[in-house]
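First the structure, in the form of structure tokens, and then the observations on it.
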There are 2 protein chains.
Amino acid sequence: MEKSEVLKIIGQNVKRIRLEKGLTQLDLVGKIKTRIDTTNISRIEKGRTNATIHTLSRISQALEVPLSEICNLGE
Amino acid sequence: MEKSEVLKIIGQNVKRIRLEKGLTQLDLVGKIKTRIDTTNISRIEKGRTNATIHTLSRISQALEVPLSEICNLGE
DNA sequence: TCTTGACTTGTCAAATATGGCAAGTATGGA
DNA sequence: TCCATACTTGCCATATTTGACAAGTCAAGA
């Protein structure tokens with residue numbers, strides 16, 4: 001599976017879960033202890049950036065789902 | 001969960017799965033299309049580096065397990 | 001139309017992941 | 001002991017993520 005495809009799916013997962021929880025990007029960053037910018041959330045959701053596992057881990061904690069759910073590529 | 005703890009668990013997952021498959025780090029990088037250095041594998045397994053999702057994705061493909069398995073933090 | 005909220009995108013500086021190489025450690029076998 | 005294999009670690013250069021801010025887009029509603 002290609003890099004761009006992986007990033008796209010990860011991004012879709014983040015966005016889907018965030019919307020399921022009824023959160024805006026701003027709500028989401030507000031729930032994260034260490035600062036994350038909405039800029040970065042947007043770029044991750046759009047698959048424009050190859051996020052580190054720590055960033056995705058912080059997002060998963062704010063969304064209250066396991067990291068593995070965000071990392072589900074549907075394999 | 002703290003950054004260092006996340007990286008440590010991810011590293012343990014990679015190492016455990018690699019050993020279960022009976023592969024050395026060199027075997028592993030040999031199965032990855034785009035180049036990855038054993039240096040990097042070692043650093044990830046030791047939790048010394050905050051790998052990107054693309055790097056972990058390539059590793060998961062070489063190990064023939066879902067990315068989500070490597071990203072299982074046991075939450 | 002105008003405004004507001006939500007999101008996207010460009011640019012920047014700083015930090016750091018990655019690939020690469022070399023040297024060091026550790027273990028097991030000849 | 002010597003050697004080979006496996007792995008770790010230090011260092012370097014390059015690329016890119018991240019956080020930050022500003023500006024732009026877009027849709028819904030007054």
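None of these values were measured; they are calculated from a predicted model.
A side-chain donor-acceptor contact under 3.5 Å links B:N13 to the backbone of B:N72.
A search for side-chain contact (heavy atoms from CB on, under 4.5 Å) contacts involving A:Q25 returns A:R18, A:T38, A:I41, A:S42, A:E45, not counting sequence neighbours. Not counting sequence neighbours, A:E2 has no partner by the salt bridge (charged side-chain N to carboxylate O under 4.0 Å, His left out) test. Partners of A:R48 by salt bridge (charged side-chain N to carboxylate O under 4.0 Å, His left out), not counting sequence neighbours: none found. Residues satisfying the side chain to side chain donor-acceptor pair (under 3.5 Å) test with A:T52, not counting sequence neighbours, are A:T55, B:N50. Scored by the side-chain contact (heavy atoms from CB on, under 4.5 Å) test, A:K8 finds A:Q12 as partners (sequence neighbours excluded). With sequence neighbours left out, B:R43 forms a salt bridge (charged side-chain N to carboxylate O under 4.0 Å, His left out) with no residue at all.
Near-neighbour residues of DNA chain C inside residues 3-28 of chain B, defined by a heavy atom below 4.0 Å, are absent. Of the residues in residues 49-66 of chain A, none lies under 4.0 Å from DNA chain C by heavy-atom distance.
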Derivation of the side chain to side chain contact (heavy atoms under 4.5 Å, CB included) call for A:L7 and A:I44: CA-CA 7 Å; A:L7 302 194; A:I44 290 168; over 6 Å; no

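Backbone-only contact: B:R48 has heavy atoms under 4.0 Å from sugar-phosphate atoms and none from a base. Using a 4.0 Å heavy-atom distance criterion, A:D37 is classed as a base contact. Residue B:I36 is classed as a sugar-phosphate contact, given heavy-atom separations below 4.0 Å to backbone atoms only.
Bending across the helix from C:dT1-D:dA30 to C:dA30-D:dT1, expressed as the angle between its end axes from five pairs apiece, amounts to 30° (10° rounding).
Nucleotides of DNA chain D lying under 4.0 Å from heavy atoms of chain A occupy a range whose first and last members, 5' to 3', are D:dT17 to D:dC21. Think of the region where chain A sits on DNA chain C: with heavy atoms and a 4.0 Å cut, that region ends 5' and 3' at C:dA6 to C:dT11.
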Distance-only donor-acceptor hits, side chain of residues 27-35 of chain B, under 3.5 Å, sequence neighbours excluded:
residue	atom	partner	partner atom	Å
B:D27	OD1	B:T24	OG1	3.4
B:D27	OD2	B:T24	N	2.9
B:D27	OD2	B:T24	OG1	3.1
B:K31	NZ	B:A62	O	3.2
B:K31	NZ	B:E64	OE2	2.7
B:T34	OG1	B:R58	NH1	3.3

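In this structure, the side chains of A:K21 and A:V65 come closer than 4.5 Å at one or more pairs of heavy atoms. Side-chain contact between A:I10 and A:L73: present, with at least one pair of heavy atoms (C-beta onward) separated by less than 4.5 Å. The shortest distance between side-chain heavy atoms of B:L23 and B:I17 does not fall below 4.5 Å. Side-chain contact between A:L67 and A:I59 is absent, with no heavy atoms from C-beta onward closer than 4.5 Å.
B:S60 and B:S57 get closest at one heavy-atom pair: OG-O, 2.8 Å.
In this structure, CG on A:L56 lies 8.0 Å from SG on B:C71, to the nearest 0.5 angstrom.
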